[in-house]
Amino acid sequence: MIQYLCRLQRKETCPTQTSLSGQMEADSTDGNMEGKADVEMAENPFEPYIESLRQQLEDQDPVFLIGLIVALAVVVITCVFLKYFLTSKTVRSAVLLVGLCDSGKTLLFSRLLAGKFKRTQTSITDSSAPYKAKNDRGCTWTLIDLPGHDSLRSLYLEKFKSAARAIVFVVDSAIFQKEVRDVAEFLYILLTDNVISRNAPALLVTCNKQDITMAKSAKLIQQQLEKELNTLRVTHSAALSSQDGSVGGSVYLGKKGKDFEFSQLPLKVEFLECSARGSKGEEGDADIESLEKSLAKL
């Protein structure tokens with residue numbers, strides 16, 4: 001009898017335990033699903049927004065979508081073009097002082113910047129400083145003094161020529177007759193350079209040392225240089241073989257079939273007279289007004 005009652009008691013308690021166990025399992029399953037949903041939401045919090053955007057795009061008219069894509073493409077292409085155009089454009093704001101050794105470039109550089117006399121020596125590297133032009137616009141250029149030694153001048157010219165707004169070609173007027181060939185050779189290299197010809201910076205041929213009695217005038221220097229450059233053009237003509245007159249980065253000097261003149265060049269050329277030392281010597285002012293006026297017009 002006792003055994004029979006125990007069996008009945010076990011049968012009554014077992015369904016309860018079974019139902020409790022099932023409920024716990026269900027609660028555990030629901031908890032796991034909610035946990036997974038929270039994890040997925042944490043991993044991709046923008047998914048609802050992306051889904052909503054996708055749904056809106058699907059509801060739009062295809063013609064509208066095509067127009068929107070074309071408009072975005074035009075904006076992107078325009079931005080790329082403007083960036084390329086603005087970054088590739090070179091701002092030419094340099095004024096180069098070039099010439100043979102001892103022509104007075106470095107003293108002229110000092111006079112233009114500070115107005116003071118300064119003892120100089122042959123330069124073996126470039127010097128640069130901001131130069132404020134004497135005009136109402138308040139323009140400021142970078143004045144660069146390049147070495148005049150024949151082994152260095154081409155190297156430094158190559159370095160700075162693309163930035164040149166103007167080139168001040170300094171000539172020693174006192175000994176010009178002795179140096180006319182060398183001056184013309186250097187000037188020929190300058191004037192037949194492809195970059196310089198294309199950019200067409202102003203060329204200011206500055207006939208320095210006019211305070212010395214035997215100094216040649218700017219007009220005479222111009223005439224002799226035109227004759228010498230005409231001769232050099234003939235001697236160099238064998239190297240010019242292309243139809244447009246250019247080869248190896250050089251352009252034909254002047255006009256074919258005519259004697260060379262500076263007026264034939266694509267750039268503006270001025271011949272000026274000045275004296276970086278000045279007629280009163282070291283204590284006096286320099287005579288460079290003509291050069292300063294030309295620089296003010298840049």
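Just the heavy atoms: all of them, side chains too, but no hydrogens, waters or symmetry mates, feed the values below. Please read these numbers as outputs of a predicted model, since none were measured by experiment.
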Going by chain and number, the hydrophobic cluster around L220 (ILVMFWY, side chain to side chain under 4.5 Å) further includes none
Could you walk me through whether T206 and V171 pass the side-chain contact (heavy atoms from CB on, under 4.5 Å) test, one step at a time? CA-CA 6 Å; T206 306; V171 177; over 6 Å; no
What pair of heavy atoms forms the shortest contact from [X] to [Y], and how long is it?
X	Y	value
A276	A286	O-CB, 3.3 Å
P266	A200	O-CB, 3.8 Å
S128	I144	CB-CG1, 3.9 Å
K209	A215	O-CB, 3.4 Å
L190	I167	CD2-CD1, 3.7 Å
P201	A164	CB-O, 3.5 Å

Test log, rule side-chain contact (heavy atoms from CB on, under 4.5 Å), inputs F176 and L225: CA-CA 10 Å; F176 171 73; L225 281 176; 3.9 Å; yes
Quick check on the hydrophobic clustering: are [X] and [Y] connected, directly or via other members, by side-chain heavy-atom contacts under 4.5 Å?
X	Y	result
L96	L152	yes
V180	L253	yes
V269	L229	yes
V170	F117	no
I175	V205	no

State, with a plain yes or no, whether a side-chain heavy atom of [X] is found less than 4.5 Å away from one of [Y].
X	Y	result
V183	F169	yes
N135	C139	yes
F271	I221	yes
P147	I124	no
V74	L72	no
V234	F260	no
C207	C274	no
L298	V95	yes

Backbone of [Y] reached by a side-chain donor or acceptor of [X] within 3.5 Å:
X	Y	result
S290	E273	yes
R111	R277	yes
T235	L232	yes

Taking atom [atom1] of [X] and atom [atom2] of [Y], what is their separation to the nearest 0.5 Å?
X	Y	atom1	atom2	value
K132	T140	NZ	OG1	6.0 Å
Q177	E179	CD	CD	11.0 Å
S127	L143	OG	CG	10.0 Å
Q264	L191	CD	CG	11.5 Å
L146	F160	CG	CZ	6.5 Å
L203	I196	CG	CD1	9.0 Å

message = Can you confirm if the NZ or CZ of K256 lies within 45° of the ring axis of Y252 and under 6.0 Å from the centre of its six-membered ring?
response = yes
Query raised in the report: Is R233 close enough and on-axis enough to Y188, meaning under 6.0 Å and within 45°, for cation-pi?
Result: no
For residues 97-110, run the donor-acceptor check on the side chains, cut-off 3.5 Å, and write out each pair with its distance to 0.1 Å, sequence neighbours left out.
from	atom 1	to	atom 2	distance (Å)
S103	OG	L100	O	2.9
K105	NZ	L100	O	3.4
T106	OG1	S123	OG	3.2
T106	OG1	D145	OD2	2.8
S110	OG	K116	O	3.3

Notebook entry, point to check: Please walk me through it: do L112 and E292 pass side-chain contact (heavy atoms from CB on, under 4.5 Å)?
Noted result: CA-CA 8 Å; L112 286 170; E292 289 176 329; 3.9 Å; yes
**K280/D285 ion pair, N-O < 4.0 Å** = no
- Task: Take L157 and F186 through the side-chain contact (heavy atoms from CB on, under 4.5 Å) test and state the conclusion after the steps.
- Result: CA-CA 11 Å; L157 180 63; F186 187 20; 4.3 Å; yes
| message | When you compare the side chains of S275 and Q210, does any donor N or O come within less than 3.5 Å of an acceptor on the partner? | response | no
key: Within 6.0 Å of CZ in R119, more than 12 heavy atoms from elsewhere   = no
